[in-house]
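Heads up: the structure comes next, in structure tokens.
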Number of protein chains: 2
Amino acid sequence: MSAIHERRERERANRHQLIITAARELAETEGWEAVTTRRLAERVEYSQPVLYSHFNGKEAIVSAVALDGFDELATHLRRARQTATHPEQPLRAVCRAYLEFATERPALYQAMFVLPTNLKFASTETPPPLRAAFTEFVDCFPPTNTRRELFAEVTWSAVHGLAVLSDSGRIPQAGQEERLDFLITRIVDTPNEPTTP
Amino acid sequence: MSAIHERRERERANRHQLIITAARELAETEGWEAVTTRRLAERVEYSQPVLYSHFNGKEAIVSAVALDGFDELATHLRRARQTATHPEQPLRAVCRAYLEFATERPALYQAMFVLPTNLKFASTETPPPLRAAFTEFVDCFPPTNTRRELFAEVTWSAVHGLAVLSDSGRIPQAGQEERLDFLITRIVDTPNEPTTP
DNA sequence: GGGTGGATTCTAGCAGTGCTAGACATCCTG
DNA sequence: CAGGATGTCTAGCACTGCTAGAATCCACCC
């Protein structure tokens, strides 16, 4: 009685992932506004209700895509941080990799950072991939720095601002490299503890 | 033949503004997802088609709200910049005012910076209010600085990142003041021309 | 092998969305 | 007062996310 149920669960898990990747591909090729339950169902060759047997709703599907995205982002950032050598380089490498990620997978990035999802950030129930990605920013600062998290938050926010304003055309696409350079120079080439108490 | 037409045009302009403010109020009290053409029409006590005699579509209405928002933001930032006294203070004052604006009018801010609109940024056809708001950032840097625009872009992006990540719960609401302090200290208390050629 | 029960999947539909064609009313003009 | 333009509304289209209940399938047991 067990083997057959296991096979069914396996198939079900496959279909689960199939839905996620189908949603992601559809979003990446035509944008999230094209990802409707009907088109998604057609693409996985099932009717709409099966989507709801896997996910609580569309937002849950977006969240699942985003979660995969955070996994990829974390490894992407980690590789960048580890291949950077100079004592000052890691942060710059990570930020550049971050912007690269955002511009090359705009739809995925949107799912992670601008669309409403049910992912809990900065909490005890924050999924590991999110935490891992954030940690890559934190690890760019020396452990002796007692305010690494704060530094990481600000750096992350800044590059996120660059990414999202550029993507939505509110800042010229060109000059992104120069802006990043300015930002990093300011954050890195400065004494560790700022002015105020 | 003229007086009566003028009155009609005046009434029409009134209704035009009525629609904009109604949309804004609805968005500010219940969020943009509650701003539907039906609810908006009911609120201005007209049928839906009259909305389309004033605007090309919903996006045009959002854009009109956003445009008003940029006007207010510009004056808000200007006041902050002008009342700041210390030689180092203007940028800090403007950024704080910016974050204040974003957190106190989240819906308006969304219309301006995250929802899709037909406003052209950073172009020759950029509406004056947008330009005016951006100029407030630029004017925080001395005219002798040949890269003021770049500095302004990065600063704006950074505070925008703080604003939007905080608003969407992706960064804790608390600690915003501290983050801003760190950011400003880094950008301001540093020699003018960075490293690279 | 052939029912049978339970899980699975689909059909059909609801209430809502943005938007619009065409009927209707309204009001200035000759 | 009739004519005609101007303005407004009713009704509807094609779409959205989501779901109740019918239909189907399939492992199991005798």
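Naming: A, B, ... by sequence-line order, numbering from 1 per chain.
Between Lys120(A) and Glu125(A) there is no salt bridge, since no side-chain N of the basic residue sits under 4.0 Å from a carboxylate O of the acidic one. Glu72(B) and Arg24(B) are joined by a salt bridge, as a carboxylate oxygen and a charged side-chain nitrogen come within less than 4.0 angstrom of each other.
The shortest distance between the side-chain N/O atoms of Tyr52(A) and the OP1/OP2 oxygens of dC18(D) is below 4.0 Å. Side-chain nitrogen and oxygen atoms of Arg15(A) include at least one within less than 4.0 Å of the OP1 or OP2 phosphate oxygen of dT9(C).
Atom CD of Glu33(B) and atom P of dG18(C) are 12 Å apart (whole Å). Note: CZ (Arg38(B)) to P (dA11(D)) measures 13 Å, nearest angstrom. Regarding Ile19(B), its CD1 atom lies at a distance of 15 Å from the C1' atom of dG18(C), rounded to whole Å. If you take CG of Leu40(A) and P of dG17(D), they are 9 Å apart, rounded to a whole angstrom.
Which of dC18(D), dC9(D), dT9(C) sits closest to the side chain of Ser47(B) comes down to dC9(D).
At least one side-chain heavy atom of Leu73(B) sits less than 4.5 Å from a side-chain heavy atom of Phe113(B).
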Which atom pairs, one a donor and one an acceptor, fall under 3.5 Å between side chains of residues 59-69 of chain B and the rest of the protein, sequence neighbours left out?
| residue | atom | partner | partner atom | Å |
| --- | --- | --- | --- | --- |
| Ser63(B) | OG | Glu59(B) | O | 2.7 |
| Ser63(B) | OG | Asn118(B) | N | 3.1 |
| Ser63(B) | OG | Asn118(B) | OD1 | 3.0 |
| Asp68(B) | OD2 | Gln17(B) | NE2 | 3.2 |

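Residues Thr37(B) and Gln48(A) both approach DNA chain C. Their nearest nucleotides, taken by heavy-atom distance, put Gln48(A) toward the 5′ side.
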